[in-house]
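Numbering of residues begins at 1 and proceeds along the displayed sequence.
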Amino acid sequence: MRTQVVIIGGGPSGLLLGQLLHRRGVGAVVLERKTREYVLGRIRAGVLETGLVNLMEEAGVAERLHRDGFVHAGTRIAVGGEMFHIDFKALTGTPVIVYGQTEVTRDLYDAREAVGAQTEFEVDHVLIHDAESDRPHVTFEQNGQQKRIDCDFIAGCDGSHGVSRQSIPLTIRREYEKTYPFGWLGVLSHTPPVDDELIYANSERGFALCSMRNRNLSRYYVQCALSDHPEDWTDAAFWQELKRRLPREVAERLVTGPTIEKSIAPLRSFVTEPMRWGRLFLCGDAAHIVPPTGAKGLNTAASDVHYLYNGLRQYYEEADSEGIDRYSERALARVWKAERFSWWFSGLLHRYPDQSRFDLKMQQADLAFLRDNQAQQRAFAENYVGLPY
């Protein structure tokens, strides 16, 4: 086979890149290790920045997003039994949209199938060859057969455990990492959301988050120990602990019920540099991981897609390589700002095992400053709704 761009990874970033390129007449083949059903079964975040929404519109897949998504003009932060509101729309003129990552992925798969674009599922042993040359190719195994695709460029959208990042030599690759001493226990339940906006809570018992997927599907989280397992938590124990971490008026109106999914996610900050090696480009989790506190994972992947798509469009339409030559520089400049916000917001809301009394006072002062200072709220809102590309 031959195509212009091989996209390794059939998650939202790979699919979005493929759809954007298709609409510009650039051929792309997507390789996905799992089945479509498996990919759509993943439970992920659902807060979309305006930049991602704009890319979905440009890709022609925003109709359902605008019909079914929830426009959020702000968020609530609870501290010590009290809440304050940060108004994104008033401070920045821009809201966010709550629309599940699974639904983003579904829309992109449907669009790809509608135009007959090539997606290869259940591929194994993917290898990248000659990425430093002007004739790279990718080999893989599918249904017991060895296959090869020649291409102009390779987009590594295959996550933190994929082959793409590992293909960059250690002599070139630099990695930066911070691990956090706690995780998030998350549950999904067929219950109405407790509020019409997200609630982030800092309590003496630890962090909590009230989120949603639709009018009868809620997503809740509590900070937990890394040694915990989902089966350690009964539904009753989870709901009881969540209520303890929320202001009384919120806890009293919380509707509980059987959980349909329960999982624990560790928190991690990670960046690899550079994000380009020869004709291989890293996108999304292949290049960086953020704690979920600031809802930046999918959105930062989308900013990578923006820079790479426009670089490739410039290359094919204008015979100009400036966009792809500066891809890593431009993408990383925004990545590090998203990493900073996610790290700072995580530090603001969680209780740390080694937190001293002084550290706790500083955290409380930081939260009070955010509550009382409009300039700080504006800076927070600008980061939360998404820095410009």
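Counting only N and O atoms by type, the side chains of Asp152 and Gln4 include no donor and acceptor under 3.5 Å apart. Judged by distance alone, the side chains of Asp372 and Gln377 never bring a donor and an acceptor atom under 3.5 Å apart. For the residue pair His129 / Thr139, a side-chain donor-acceptor distance below 3.5 Å is found, with atom types taken as modelled. In this model, no donor atom of one side chain and acceptor atom of the other lie less than 3.5 Å apart for Gln376 and Gln374. Checked by atom type, the side-chain pair Trp344/Asn383 shows no donor-acceptor distance below 3.5 Å. Side chains of Ser160 and Asp285: no donor on one and acceptor on the other come within 3.5 Å. Side chains of Arg33 and Tyr38: no donor on one and acceptor on the other come within 3.5 Å. Using modelled atom types, one finds no donor on one side chain facing an acceptor on the other under 3.5 Å when comparing Gln166 with Ser164.
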Given Tyr180 and Trp343, is the ring-ring contact (aromatic ring centres under 6.0 Å, His included) satisfied, shown in steps?
CA-CA 10 Å; Tyr180 296 79; Trp343 161 81; 8.9 Å; no

Please evaluate residues Leu21 and Arg24 with respect to the criterion side-chain contact (heavy atoms from CB on, under 4.5 Å), reporting the C-alpha separation (whole Å), side-chain torsions for both, the decisive distance (0.1 Å), and the verdict.
CA-CA 5 Å; Leu21 291 174; Arg24 288 287 184 167; 5.8 Å; no

Glu177 and Arg268: salt bridge (Lys or Arg N to Asp or Glu O under 4.0 Å), yes or no, with the steps?
CA-CA 7 Å; Glu177 182 175 23; Arg268 178 182 178 218; 2.7 Å; yes

Determine, stepwise, if the pair Leu198 / Val47 fulfils side-chain contact (heavy atoms from CB on, under 4.5 Å).
CA-CA 10 Å; Leu198 271 64; Val47 177; 3.9 Å; yes

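Hydrophobic cluster membership is shared by Leu298 and Trp336, with clusters built from Ile, Leu, Val, Met, Phe, Trp and Tyr side chains linked at under 4.5 angstrom. In the hydrophobic clustering of ILVMFWY residues, with side-chain heavy atoms under 4.5 Å counting as a link, Tyr384 and Ile86 come out together. The hydrophobic cluster containing Leu226 does not contain Leu267, counting ILVMFWY residues as joined when their side-chain heavy atoms lie under 4.5 angstrom apart, directly or transitively. Connection of Met1 to Val123 is established within a shared hydrophobic cluster, with ILVMFWY side chains joined at heavy-atom distances below 4.5 Å, either directly or through further cluster members. When hydrophobic clusters are built by joining Ile, Leu, Val, Met, Phe, Trp and Tyr residues whose side-chain heavy atoms come closer than 4.5 Å, directly or via intermediates, Leu387 is not grouped with Met275.
Looking at Arg112, Glu113, Glu32 one by one, the single match for side chain to side chain donor-acceptor pair (under 3.5 Å) with Thr119 turns out to be Arg112. When each of Asn214, Val71, Leu65 is checked for a side-chain contact (heavy atoms from CB on, under 4.5 Å) with Tyr99, only Leu65 meets the rule. Just one of Phe182, Trp184, Tyr200 meets the ring pair (Phe, Tyr, Trp, His ring centres under 6.0 Å) condition when paired with Tyr221; it is Trp184. In summary, of the residues considered (His125, Lys147, Glu122), a side-chain contact (heavy atoms from CB on, under 4.5 Å) with Glu141 occurs for His125 alone.
By the 30° and 60° cut-offs, the orientation of the rings of Phe153 relative to Tyr315 is perpendicular.
Separating the OG atom in Ser167 from the CD1 atom in Ile154 is a distance of 8.0 Å, to the nearest 0.5 Å. Once rounded to the nearest 0.5 Å, the distance linking CZ of Phe207 with NE2 of His350 reads 4.5 Å. Annotation: the span from Ile97 atom CD1 to Leu48 atom CG amounts to 6.5 Å, rounded to 0.5 Å. One distance of note links CG of Leu209 with CZ of Arg245; it measures 12.0 Å at 0.5 Å rounding. How far CD of Glu317 is from CG of Leu312: 10.5 Å, rounded to the nearest 0.5 Å. Interatomic distance, CG of Leu348 versus CD of Gln364, reported as 11.0 Å (0.5 Å rounding).
Distance alone, capped at 3.5 Å, is enough to place a donor-acceptor pair between the Thr3 side chain and the Gly27 backbone. A donor-acceptor distance shorter than 3.5 angstrom exists from the side chain of Ser203 to the backbone of Gly206, with no hydrogens or angles considered. In terms of modelled atom types and a separation under 3.5 Å, the side chain of Asp87 and the main chain of Ala90 share a donor-acceptor contact.
Looking at Arg326 and Glu322, a side-chain N of the basic residue comes within less than 4.0 Å of a carboxylate O on the acidic one, giving a salt bridge. Asp68 and Arg213 are not joined by a salt bridge, as no carboxylate oxygen comes within less than 4.0 angstrom of a charged side-chain nitrogen. A salt bridge is defined here as a Lys NZ or Arg NE, NH1 or NH2 lying under 4.0 Å from an Asp or Glu carboxylate O, and Arg148 with Asp150 meets this definition. Using a 4.0 Å cut-off between charged side-chain N and carboxylate O, Lys296 and Glu49 make a salt bridge. Salt-bridge check for Arg64 with Asp107: passed, with a basic side-chain N closer than 4.0 Å to an acidic carboxylate O. Ion pairing of Glu318 with Arg313 is present here, as a side-chain N (NZ or NE/NH1/NH2) and a carboxylate O approach within less than 4.0 Å. Using a 4.0 Å cut-off between charged side-chain N and carboxylate O, Glu241 and Lys243 make no salt bridge. Look at Arg76 and Asp195 and you find a salt bridge, because one of the NZ, NE, NH1 or NH2 atoms lies within 4.0 Å of a carboxylate O, short of that distance. Between Asp158 and Arg165, none of the side-chain N atoms (NZ, or NE/NH1/NH2) sits under 4.0 Å from a carboxylate O, so this pair counts as no salt bridge.
Looking at heavy atoms from C-beta onward, Asp196 lies out of side-chain contact with Phe70 at the 4.5 angstrom threshold. Counting heavy atoms from C-beta outward, Asp124 and Gln142 have side chains that stay 4.5 Å or more apart. Annotation: side chain of Glu120 is not in contact with side chain of Val30 (no heavy-atom distance under 4.5 Å). Cys283 has its side chain within reach of Tyr327: a pair of non-hydrogen atoms, C-beta onward, lies under 4.5 Å apart. Val138 is not listed as a side-chain neighbour of Val29, based on a closest heavy-atom distance of 4.5 Å or more. Put simply, the side chain of Ser211 does not reach to within 4.5 Å of the side chain of Ser218, judged on heavy atoms.
Through direct or indirect side-chain contacts shorter than 4.5 Å among Ile, Leu, Val, Met, Phe, Trp and Tyr, Val194 is connected to Met83, Leu185, Val187, Ile199, Tyr220, Val222, Trp233, Phe238, Trp239, Leu242, Leu246, Val250, Leu254, Ile264.
Within the 6.0 Å centre-distance limit, the rings of Phe341 and Phe380 are counted as a close aromatic pair.
When all heavy atoms of Ala381 and Thr92 are compared, the pair lying nearest together is CB-CG2, 3.6 Å.
Enclosure of atom CZ in Arg67 by more than 12 non-hydrogen atoms of other residues, nucleotides or ligands within 6.0 angstrom is indicated. Shown here is His190, whose NE2 atom has no more than 12 heavy atoms of other residues, nucleotides or ligands within 6.0 Å. Summarising the local packing, CD of Glu204 is surrounded by 12 or fewer heavy atoms from other residues, nucleotides or ligands at distances under 6.0 Å. More than 12 non-hydrogen atoms from other residues, nucleotides or ligands lie less than 6.0 angstrom from CZ of Arg174.
Not counting sequence neighbours, the partners of Tyr389 by the side-chain contact (heavy atoms from CB on, under 4.5 Å) test are Leu55, Ala302, Ser303, His306, Tyr307, Arg334. Here Pro353 pairs with Pro181 under the side-chain contact (heavy atoms from CB on, under 4.5 Å) rule; sequence neighbours left out.
Annotation: cation-pi pair Arg106/Tyr109 absent, no NZ/CZ under 6.0 Å from the ring centroid and within 45° of its normal.
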